[in-house]
Amino acid sequence: MLNKKLLMLLGLALAFMLVLAACGGGDDAPAEDPADEPTEETDEDAAEGEAAAGGSVILGTSGEPVTFNDLYSQDSASADVIDLIHASLLRSDEELEMIPYLADLPEISEDGLEYTYTLNEGVLFHDGEELTAEDVKFTYDIFIHEDYTGPRAGDFTELESVEVVDEYTVKFVLNEVDASFITRSGYGILPKHILEDVPVADLEDHMEYNRNNPVGAGAFQFVEYQDGQYIELVAFDDYFEGRPNLDKVTFRVFADTNAELLAFETGEIDWMILPANEIATAETYDHGRISSTLALRYDYIGWNNDREPFDDVRVRQALTMAIDRELIVEAIMDGRGEVAHAPASPLSWAFPDDVPKFEYDPEGALELLAEAGWEPGADGILEKDGEKFSFEILSNDGNVIRRDIGVIVQDMLSDIGVEANPRQMEWGAFLEQINPPNYDFDAVVLAWGLALDPDPTAIWHSREIENGLNNISYRNDRVDELAAGNKQIVDQDERAAVIGEIYEILAEEQPYTYLYYPEQHILLSNRVEGFTHHPRVNMYKVNEWYVTD
């Protein structure tokens, strides 16, 4: 049973939501309906349990996509649309194994330095042009181009060149062994004939393609994007795996997950990611069902290690000790999660058996802060050198879970004399503020949907600060050394030991407060069949979905 303290905190979360609305810093206005309501035509003669052709679905989302170009995407709202528009060389199945997609599994040379892929013939882009080895080379050459401005250059430091062997065969040549390289085969292939004249330095901001008219070889093709309202896709008749069952997929944008849930209740949408604390409500819906699985992900609070006082490891450790993460899992996740202590997932083969743990201990937190020079001021707020311990916790609007975490953490930290001020921002503006080159934040509430390979380089190596994913500016020479060499270790057990040492350091130094490993819950209309729940990919095999009314 929830205690009085917890109920008070949840009340504070609701009050905070109202304050945000009054200050103009909260949720956007509710999204309007799409201009063309989706049709729901189905084959009435289809046998029971057999996929029927036709119809449409509306998917709820509280985050707006930033780009439809897979080489620059960093957020799940973008990735969900990208996964329908684009196709990649390989993809992962629900067991997180790489399987053929545009190409067969690669032939790997004995020395591990050459990966040769044979493409399916006759694959078409949405404009009718054939996808060939030239398009694959064009796409992957961008990653290793000196003018590439996206976040994934660090994933391809071992890639020396990409060679076209013939029209349907492409060879990747490495300068040293990369045990993770096969997992780099999951990026959407771009059309050379459309983008070859765009300088690589300008490609990230080339919105004529990235937002207005993306062309891929995926199951669905782009039709229209109305900011703050909807993204509309239609079935690609010439999709190489066969035309999708559905005629249309529409992403409808909502102000927050509360608005999404209301829309599901009234039958306006067919799919949404369900917050754990709304499961009891959703279970009362006769027209819906819930699918749950452990997500390949962890949620965290990231501390800007380049800013005082978060540049002091004792301060970061103390903040973690002052946050009751068990209570957060109980209150926010309805107990459907596990407290995290390292930046890994229990689904990963490199998940550590044991790392340093900082349990809830407010008194111990105060001792660490005193050791770091922080003492109570006249108003009870900790001070050091005349500066109050006061900072802002940012999160994206529309995400009720992160909003509530911010408010609960604010209350917990106030118990030790730390003033934390939660604020939510519109998704695009939020990403721009916290990512390079701005890095303008104290702390953020976020989550990582993890890669299939546990290589920690992209997030934790110091070289990834300038343009990569290390937006908290974490630096540790030993982590750099271990991360730089981990991909050259072919033996999985040996590599897991090296990655495990990295996790031990990251658990000890607390550049993040690792919150929890969550389950993911999908609320799905009973009219939608053919759904398969993937631990990482929200839009998994949507071409196999079909509707029954």
Side-chain angles (χ1 to χ4, degrees), residues 67-73 82-91 98-109 113-150 152-153 155-175 178 181-222 236-242:
T67 180
F68 302 131
N69 188 327
D70 202 10
L71 278 61
Y72 299 91
S73 167
I82 286 168
D83 286 343
L84 296 185
I85 294 174
H86 293 282
S88 53
L89 293 174
L90 307 179
R91 61 183 172 185
M98 298 302 291
I99 60 174
Y101 192 21
L102 284 174
D104 295 332
L105 292 174
E107 295 181 9
I108 305 173
S109 63
L113 297 179
E114 294 183 356
Y115 287 66
T116 302
Y117 293 82
T118 301
L119 301 174
N120 295 320
E121 298 183 22
V123 175
L124 300 180
F125 284 109
H126 298 153
D127 62 358
E129 292 290 325
E130 187 176 15
L131 187 155
T132 70
E134 290 287 350
D135 298 293
V136 178
K137 173 177 170 57
F138 170 76
T139 300
Y140 280 85
D141 276 347
I142 293 170
F143 286 120
I144 59 176
H145 195 284
E146 62 182 1
D147 293 332
Y148 172 62
T149 57
R152 298 187 176 89
D155 287 345
F156 293 94
T157 53
E158 291 80 14
L159 180 58
E160 183 71 26
S161 63
V162 186
E163 301 175 2
V164 172
V165 178
D166 59 41
E167 191 172 10
Y168 303 110
T169 310
V170 61
K171 180 190 295 183
F172 293 80
V173 180
L174 310 186
N175 51 40
D178 178 358
F181 189 75
I182 195 170
T183 66
R184 313 302 184 198
S185 307
Y187 292 103
I189 302 302
L190 302 178
K192 177 181 177 182
H193 64 282
I194 293 176
L195 294 172
E196 62 181 329
D197 293 332
V198 180
V200 173
D202 299 335
L203 189 54
E204 183 173 10
D205 297 320
H206 186 63
M207 293 304 161
E208 177 56 33
Y209 178 88
N210 296 348
R211 287 284 296 269
N212 300 336
N213 191 29
V215 174
F220 294 85
Q221 61 188 98
F222 178 84
F236 180 39
D237 290 337
D238 296 320
Y239 178 53
F240 70 98
E241 290 192 317

Checklist entry - At their closest point, which heavy atom of Thr169 faces which heavy atom of Ala133, and how far apart are they? => result O-CB, 3.5 Å

Checklist entry - Are Pro106 and Leu90 side-chain neighbours, meaning at least one heavy-atom pair lies under 4.5 Å? => result yes

Next on the checklist: Is there a side chain to side chain contact (heavy atoms under 4.5 Å, CB included) between Ile108 and Tyr115? Walk through the geometry before answering.
Outcome noted: CA-CA 5 Å; Ile108 305 173; Tyr115 287 66; 3.5 Å; yes

Checklist outcome for this item: For Tyr140, the ring-ring contact (aromatic ring centres under 6.0 Å, His included) test, sequence neighbours excluded, returns Phe143, Phe156, Phe172

Next on the checklist: So that I know where these two stand, are Phe240 and Tyr101 an aromatic pair - ring centroids less than 6.0 Å apart?
Outcome noted: yes

Item to check | Test side chain to side chain contact (heavy atoms under 4.5 Å, CB included) applied to Tyr72 and His206, step by step | outcome: CA-CA 11 Å; Tyr72 299 91; His206 186 63; over 6 Å; no

Next on the checklist: Once rounded to the nearest 0.5 Å, what's the spacing between atom CG of Leu119 and atom CG of Leu89?
Outcome noted: 6.5 Å

Checklist entry - At their closest point, which heavy atom of Leu203 faces which heavy atom of Leu195, and how far apart are they? => result CD1-CD2, 4.1 Å

Next on the checklist: Any donor-acceptor pair under 3.5 Å linking the side-chain atoms of Ser185 with those of Tyr117?
Outcome noted: yes

Next on the checklist: Could you check whether any side-chain N or O of Tyr209 sits under 3.5 Å from a backbone N or O of Val215, counting only pairs where one atom can act as donor and the other as acceptor?
Outcome noted: yes

Item to check | Interatomic distance, Leu190 atom CG to Phe125 atom CZ [nearest 0.5 angstrom] | outcome: 7.5 Å

Item to check | For the student: nearest non-hydrogen atoms of Tyr239 and Glu241, plus distance | outcome: OH-OE1, 2.7 Å

Checklist outcome for this item: In terms of heavy-atom contacts, Phe138 and Pro191 come closest through CE2-O, 4.2 Å

Checklist entry - Are any side-chain N or O atoms of His86 and backbone N or O atoms of Phe68, one a donor and one an acceptor, separated by less than 3.5 Å? => result yes

Checklist entry - Rounded to the nearest 0.5 Å, how far does CZ of Arg91 lie from CG of Asp83? => result 10.0 Å

Item to check | Ser88 versus Gly188, closest heavy-atom pair with distance | outcome: CB-N, 4.3 Å

Item to check | Gap between atom CG of Leu131 and atom CD of Glu167 - 0.5 Å precision | outcome: 10.5 Å

Checklist entry - Got a donor-acceptor contact below 3.5 angstrom from the Thr139 side chain to the Ile189 backbone? => result no

Item to check | Distance, nearest 0.5 Å, that separates NZ of Lys137 from OG of Ser161 | outcome: 7.0 Å

Item to check | Inter-residue atom distance Gln221.CD - Asn213.CG, 0.5 Å rounding | outcome: 10.0 Å

Checklist entry - Could you walk me through whether His193 and Asp127 pass the side-chain hydrogen bond (donor to acceptor under 3.5 Å, both in side chains) check? => result CA-CA 10 Å; His193 64 282; Asp127 62 358; 2.6 Å; yes

Next on the checklist: Can you give me the closest heavy-atom contact between Ile142 and Val200, atom names plus distance?
Outcome noted: CG2-CG1, 4.1 Å

Checklist entry - Checking Asp135 side chain against Thr132 main chain: does a donor-acceptor pair fall under 3.5 Å? => result yes

Checklist entry - For Glu107, does the CD atom sit with more than 12 other heavy atoms under 6.0 Å from it, leaving out its own atoms? => result no

Next on the checklist: Please verify the inter-ring angle class for Phe236 with His126; under 30° counts as parallel, over 60° as perpendicular, anything in between as tilted.
Outcome noted: perpendicular

Next on the checklist: Before you tell me yes or no, could you show the steps for Leu174 and Leu159 under side chain to side chain contact (heavy atoms under 4.5 Å, CB included), namely the whole-Å CA-CA distance, both residues' side-chain angles and the distance that decides it to 0.1 Å?
Outcome noted: CA-CA 4 Å; Leu174 310 186; Leu159 180 58; 3.9 Å; yes

